[in-house]
Amino acid sequence: MAAEGKAAPRVAVVDYHKGNLSSVARGLAAAGAAPDVTDKPSRIASAEGVVIPGVGSFEDAMAYISSSGQADAIRDAIGRGVPFLGICLGLQVLFDEGCERSDPAQTGTVPGLEILRGSCIRLVSSRLKVPHVGWDAIDITPLGRSCPLLQGVQTGSTMYFTHSYVAFEGVEEGAVAARTHYVESFPSVVWSGNVFGCQFHPEKSSANGAQVMRSFVGLVAEGPDAAAGAATLAGAGEGSRA
Amino acid sequence: MLAKRVIPCLDVDKGRVVKGTSFVDLVDAGDPIELAQRYDQEGADEVVFLDITATSDDREPTIRLASRASEQLRIPYTVGGGMSDLARMRQIVAAGADKVSVCSAALKDPSIIDRAARAFGSQAVIVAIDAKRVGKADKWVCYLAGGRIATDVDAVAWAEEAARRGAGEILLTSMDRDGTKEGFDLALTRAVSRVVPIPVIASGGVGTLEHFAEGILEGEADAVLAASVFHFGTFTIRQVKEYMASQGIPVRLDF
């Protein structure tokens, strides 16, 4: 794989044994990466980019990710500055905690990866249908305009969502690159340094999603410093507005 | 705002598209994947593959189809038809399908909905209802086996039960209207839409652009599904969406 590195960077797709990951792999390959669907912590820690796809429930996913050693590998990779993308549930597990239990009768929260501050809640509405399924618009925040993941994506672009939970309580505004408004106004793209998350499924979002995938793979190809560099610039931008 | 969806349905027999297609430039007009990719380019919000293979002992082609679709499509897709039990649904989900649609097996044993929702998540479980009007009042019953066997199960009550058991969406087909091009059974669509807290996909009877809009505005559906008007090129998906947008319906046009 190392020999291929320059042509197509190896992106680990974290397999936590909850579903088929071929769509995500296909999306990454179409964007120019060499996807490596793997459950092995060593392959995750050493990858040039890491994706946590969104399948299963928060509690199930975290149980596997934690007990398998994947959580430490993910933190290692993020610590090395490699671009990271969490998709759907993969965005949610970046946060401190979530309330989606494997047994719906259970209450209380379970810990996430604690990389971003905030907790995930269930969307509850008597008026709107939940799960939130289908194509909805993303409103890019002022911060999001400098987010490298959203380059080439217009505010108001529609993406494909399918979820009942969102990152919500205690989420820092400085990590929100786009919002979507359904039941709540929730973060649909989050960004902190080299860490990105999409509540929608870019691999299922046709041309708009393909653009997001290309941006992510572009960052991976540029190497560990690229995303962090962009974050520094965005930080400077924030400062100058303040 | 959440867009109302337009969904082409492809009938598939032993892994091949059976109805005709208007796309003369396809390399293989019988290949469901190639056809679905064309619909993606034309703005389809998702596609449904309906397996109409008559014999239940030849299910491998459908698994291969689900697997290829997962590797090649960049929009969500559903596989329905022949979902005889949970094991079968599991095969299709494991092959990569975003959603499976179950009809007869759920009527025979409703607990399959609960089990499927627990196993794959509600978002992956569509309960398909083939409904036929009985008598003059607004009452419909469910049919089994692709519309061949009548039951006395009330379609509206069944939709409600399916949602309660964990279905993520209802795919509602009017057997009276299917193939007629007279438009959706709007009373049926509305009756179901009003009792379930989950999305309803209206199906059966589309013949004009107005019919699509009616399904949303009068039927109160969340999505509209059609087959022949797309396959035979009566309308493109963009035409349908532009008409819906002109009627004030939120649709996805940035494709």
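Letters go in sequence order (proteins before strands), and every chain restarts at 1. Note that the coordinates shown come from a computational prediction; the quantities given were computed from them, not determined experimentally. Side-chain atoms are counted along with the backbone in the values below, which use heavy atoms only and exclude waters and symmetry mates.
Interface remark: A/V130 contributes backbone atoms only to the contact with chain B (heavy atom separation under 4.5 Å). Neither the backbone nor the side chain of B/A119 comes within less than 4.5 Å of any heavy atom in chain A. Contact of A/A29 with chain B is not made at all, since no heavy-atom distance falls under 4.5 Å. Proximity to chain B (any heavy atom under 4.5 Å) is restricted, for A/H132, to the side chain, taken from C-beta onward.
Contact count against chain A (heavy-atom pairs under 4.5 Å) is highest for B/Q72 among B/K4, B/E46, B/Q72. With chain A as partner, the option from B/V93, B/D222, B/V196 having the largest number of non-hydrogen pairs under 4.5 angstrom is B/D222. No other option in B/A44, B/P250, B/P76, B/A3 has as many heavy-atom pairs under 4.5 Å with chain A as B/P76. Between chain B and the options A/S164, A/A207, A/A30, A/A137, the largest number of non-hydrogen pairs under 4.5 Å is found for A/A207. Here B/E71 is the residue among B/Q123, B/Q41, B/E71 with the most heavy-atom pairs under 4.5 Å with chain A.
Nearest heavy-atom pair, B/R252 versus A/T158, reported as atom, atom and distance to 0.1 Å: CG-OG1, 3.0 Å. What you find for A/A210 and B/R74 is that their closest heavy atoms are CB-NH1, 4.1 Å. Taking both residues in full, the closest heavy atoms of A/S206 and B/I75 are given as CB-CG2, 3.9 Å, listed atom of the first, atom of the second, then distance.
A/W135 places no side-chain N or O within donor-acceptor distance of the main-chain N or O of B/R5, the cut-off being under 3.5 Å.
Here the CG atom belonging to B/L73 is positioned 7.5 Å from the CZ atom belonging to A/R26, to the nearest 0.5 angstrom. With rounding to the nearest 0.5 Å, the separation of OG in A/S157 from CZ in B/F255 is 13.5 Å. Note that CG of B/D98 and NZ of A/K204 are 3.5 Å apart. Values are rounded to the nearest 0.5 Å.
Residues B/S70 and A/N20 are in side-chain contact: their nearest non-hydrogen atoms beyond the backbone lie under 4.5 Å apart. Taking the side chain as every heavy atom from C-beta outward, B/K99 and A/V133 approach each other to under 4.5 Å. The shortest side-chain heavy-atom distance between A/Y182 and B/M1 does not fall under the 4.5 Å cut-off.
No more than 12 heavy-atom neighbours from other residues, nucleotides or ligands sit within 6.0 angstrom of NZ on A/K40.
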